[in-house]
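See structure below.
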Amino acid sequence: MTRDEWHSKGVRLFGEDQMAWRFKCPACGHVATPADYKDAGAPSSAVAFSCVGRWLSDSKEAFKAGGTGPCTYAGGGLFRMNPVEVDGAWVFEFAEEVPDAI
């Protein structure tokens, strides 16, 4: 997929505000926005590449049974599971389902 195609899909799903776009970790299924990464102190390069849990003190260890995320999954680690290729870079898929408001 090209960057333009990926960007168009993000806008179609979530609108123009990229800080509100939602990405799903391929290891634990946790859904996070770029705003969540920013709030956790993660670098912008981590968004949709590694789970936001890498920057949170209460995250789960990636690939451990019996838990949900966020986890410590790193997109550039030994197990590269990022499922979407955008102009040669591998990133998380969009979380297309938006949960009901609480």
I'd like to know if the side chain of Arg22 reaches the main chain of Ala32, judged simply by a donor and an acceptor atom lying under 3.5 Å from each other, with no hydrogens or angles considered.
no

Could you check whether any side-chain heavy atom of Trp55 comes within less than 4.5 Å of a side-chain heavy atom of Ser50, counting everything from C-beta outward?
yes

Nearest heavy atoms of Leu56 and Ala40, plus distance in Å
CD2-CB, 3.7 Å

Nearest heavy atoms of Cys28 and Cys51, plus distance in Å
SG-SG, 3.9 Å

Could you tell me whether the side chain of Trp6 and the main chain of Asp87 form a donor-acceptor pair under 3.5 Å?
no

Filter on side chain to side chain donor-acceptor pair (under 3.5 Å), then keep only pairs touching residues 25-40, sequence neighbours left out; what's left?
Thr33-Asp36

For Glu5 and Thr2, which heavy atoms make the closest approach, and how far apart are they?
OE1-N, 2.8 Å

Heavy atoms, side chains only, cut-off 4.5 Å: are Pro26 and Tyr73 in contact?
yes

Ring centers of Phe49, Phe92 separated by less than 6.0 Å
no

Closest heavy-atom pair, Arg3 versus Val86, reported as atoms and distance to 0.1 Å, is CA-CG1, 3.6 Å

Taking all non-hydrogen atoms of both residues, which atom of Asn82 and which atom of Ala48 are closest, and how far apart?
ND2-O, 4.3 Å

Provide the closest heavy-atom pair for Trp90 versus Pro83 in the form atom of the first, atom of the second, distance.
CZ3-O, 3.8 Å

Sub-4.5 Å side-chain heavy-atom contact between Ser59 and Cys71
no

Please examine the side chains of His7 and Arg12, heavy atoms only from C-beta on, and report whether any two atoms are closer than 4.5 Å.
no

With hydrophobic residues grouped by side-chain heavy-atom distances under 4.5 Å, do Trp21 and Leu13 end up in a single group?
yes

Could you tell me how the ring of Phe14 sits relative to the ring of Phe94: parallel (under 30°), tilted (30 to 60°) or perpendicular (over 60°)?
tilted

